[in-house]
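Reading through the structure tokens given below for one structure.
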Number of protein chains: 2
Amino acid sequence: MTSVQGARARARIEITAAIKDEARAQLAAEGAAKLSLRAVAREVGMVSSALYRYFPSRDDLLTALIIDAYDAVGAAAEQALADSRAATAPDDHLARWTAVCRAVRAWAVAHPHEYALIYGSPVPGYSAPQDTIGPASRVALVLIGILGEALAAEGVAPPPVPAALRPEAERIAAEFARDLPPAHDLPPALAVAMVAAWSQLFGLVSFEVFGQFNRVVEDRETFFATAADRLGREIGLLARS
Amino acid sequence: MTSVQGARARARIEITAAIKDEARAQLAAEGAAKLSLRAVAREVGMVSSALYRYFPSRDDLLTALIIDAYDAVGAAAEQALADSRAATAPDDHLARWTAVCRAVRAWAVAHPHEYALIYGSPVPGYSAPQDTIGPASRVALVLIGILGEALAAEGVAPPPVPAALRPEAERIAAEFARDLPPAHDLPPALAVAMVAAWSQLFGLVSFEVFGQFNRVVEDRETFFATAADRLGREIGLLARS
DNA sequence: GTCTATAACGAGATAGAC
DNA sequence: GTCTATCTCGTTATAGAC
């Protein structure tokens, strides 16, 4: 009994993976807007109606791909942080920040279509469900975690906040405190600076992945590494003492 | 004779505009990937083959929309610079920098679909021709112009360049010198810093326009203004003396 | 010469009957 | 699950109106 159920479950997992793989291939070839359940079904050798046993709708398939992509960058960021712990001095928070940034960029360059799916233009007619929020925040959580550690070790000096931005800064800090584990609490100045750095980091990545650096930047790895380092310093992370 | 030609030319301009307007409407509704010549023709009351008198192919229509969009942001940036000249002290280069940044953001927020067309995910199967390069650089040219002025007035202190980035910085500066009028020459340190700030600026805009700030940033105008100001300072623009 | 309309092509998507 | 009839698409050839 259990073996049959186990085999069924295994088959279901395999077929689900095959469907998603084919969908990812179509993402690369035609873009998210043209992702079609029928074409995916044809390619995996199923009839379109059979696909609905795995994904109730085209949007659900899209959601699965989006969650997978967010999880993949998130995992890359988390892995980079874990790896860099061994390679950096405990007080070198800036080095870990840049290591995570570089990992995000490396993943994006290696998976441009999945990157476009999550950080590019919204897919027309698709609105992301709540399920994507968790995976979507993994990268930010890693960065916030680094800042939290630096804060505890007095390794960060957040920049001053203009008076006009003060309410927004406090709102964002309160939001973090509400959604995140207490270890990730940040003072308002650091919380806003973090959000700004976060979006600027992805600005660098998007310009490279989307081709805006063509004919402009050649040594993109060095360019990015320098910019990420400056972003970390800008947020207040102190260089290694 | 001339009146006939004038009438023809006028009609041609009007019809071309109507086609592009309808195409823009479809861009908003279905996305660039699904832009269809037939649907545009149907909507403007023509038969699809007649469209080929105005645009030799679907890609040429797309190219026209892309150029229009680049020209629109570019014009907004140029206008913002011209306007801010009257409103700012001659030595306040930073104020003009932020004015231009805010104008770019305002245009993007007002025209999200056209923004997505030029700064979002690349359109699958479409590759931009050379004609887009000029319009695409207008915003960057405005920013470079501000830096050039600041440089001439000793109003900018570019950040140091790490040794590893030095060759790339010099390459970029040489590229600027080759492509741009001499008034826009920048030293290597300022040229790389400019490119980094440029991409980070659009990172802020893209995150807002593409919805990444949902549930994160509320007062987006203030948030952006502060970040743009910090970007200008980061690049070395000095606050007003 | 400049334009629009008809018709057609090959490829692909789609809906529904079976 | 299969098949078929009916859509859409980009594009071209052609013929006629102005």
Side-chain angles (χ1 to χ4, degrees), chain A residues 8 11-12 14-16 18-62 65 113 117 121 123-126, chain B residues 1-68 113 117 121-129 131-132:
Chain A
R8 269 212 200 114
R12 188 177 173 85
E14 274 171 27
I15 295 178
T16 304
I19 293 171
K20 291 202 286 194
D21 282 347
E22 177 54 33
R24 268 185 282 268
Q26 288 204 16
L27 218 62
E30 302 278 4
K34 283 194 180 164
L35 182 80
S36 132
L37 274 189
R38 286 184 107 96
V40 172
R42 193 187 322 129
E43 225 57 35
V44 283
M46 295 202 279
V47 92
S48 63
S49 54
L51 263 192
Y52 285 85
R53 289 181 43 81
Y54 297 88
F55 297 96
S57 76
R58 189 200 88 122
D59 280 9
D60 289 283
L61 175 54
L62 249 187
L65 297 181
H113 303 103
L117 182 63
S121 331
V123 183
Y126 171 85
Chain B
M1 207 60 121
T2 50
S3 86
V4 171
Q5 285 191 357
R8 256 213 260 278
R10 230 181 352 263
R12 191 179 171 83
I13 289 171
E14 273 170 28
I15 294 178
T16 305
I19 292 171
K20 291 201 285 194
D21 282 347
E22 177 55 34
R24 268 185 282 267
Q26 289 204 14
L27 219 63
E30 301 278 4
K34 283 194 180 164
L35 181 91
S36 138
L37 271 192
R38 285 188 113 107
V40 171
R42 200 182 312 131
E43 224 58 36
V44 284
M46 293 203 282
V47 89
S48 67
S49 58
L51 269 193
Y52 284 81
R53 289 277 154 190
Y54 299 88
F55 298 97
S57 75
R58 192 201 88 123
D59 279 9
D60 287 280
L61 175 53
L62 248 187
T63 300
L65 297 180
I66 289 172
I67 290 177
D68 280 4
H113 304 104
L117 182 64
S121 330
V123 183
Y126 172 86
S127 99
D131 320 35
T132 59

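Protein chains get the first letters and strands the later ones, always in sequence-line order, with residue 1 at the start of each. Values below: every heavy atom of this structure, side chains too, minus hydrogens, waters and symmetry copies.
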Pick base, sugar-phosphate or nothing for [X], based on heavy-atom distances below 4.0 Å to the nucleic acid.
X: B:Ala11; answer: nothing
X: B:Leu61; answer: nothing
X: A:Leu37; answer: nothing
X: B:Phe55; answer: nothing
X: A:Ser48; answer: nothing

Quiz item: If each of B:Lys34 and A:Met46 is mapped to the nucleotide of DNA chain D with the nearest heavy atom, which maps nearer the 5' terminus, i.e. the 5' end?
Solution: A:Met46
Self-check item: Closest-nucleotide ordering on DNA chain D, the 5'-leading residue of B:Arg53 and B:Pro56
Solution: B:Pro56
Exercise. Using whole Å, report how far OH of B:Tyr52 lies from C1' of C:dT4.
Key: 15 Å
Self-check item: Nearest-Å distance for atom pair CZ/C1', residues B:Arg38 and C:dA13
Solution: 14 Å
Quiz item: Going through the checks in order, is the side chain to side chain donor-acceptor pair (under 3.5 Å) test met by B:Thr63 and B:Asp60?
Solution: CA-CA 5 Å; B:Thr63 300; B:Asp60 287 280; 5.3 Å; no
Self-check item: Beyond-backbone contact of B:Tyr54 with B:Leu61, side-chain heavy atoms, under 4.5 angstrom
Solution: no
Quiz item: Within a strict 4.5 Å, meaning less than it, do heavy atoms of the B:Phe55 and B:Leu37 side chains meet?
Solution: no
Quiz item: More than 12 heavy atoms of other residues, nucleotides or ligands under 6.0 Å from CZ of A:Arg53: is that the case?
Solution: no
Practice problem: Taking all heavy atoms of B:Leu35 and all of B:Arg58, pick out the closest pair and write down the distance. | Solution: O-NH1, 2.8 Å
Exercise. Report yes or no: does A:Ser48 contribute a side-chain atom to a donor-acceptor pair with the main-chain N or O of A:Ala41 at less than 3.5 Å?
Key: no
Self-check item: Phosphate OP1/OP2 of C:dA13 contacted by A:Arg42 side-chain N/O (<4.0 Å)
Solution: yes
Practice problem: Walk along DNA chain D from 5' to 3' and tell me the first and last nucleotide with an atom closer than 4.0 Å to a non-hydrogen atom of chain A. | Solution: D:dG1 to D:dT2
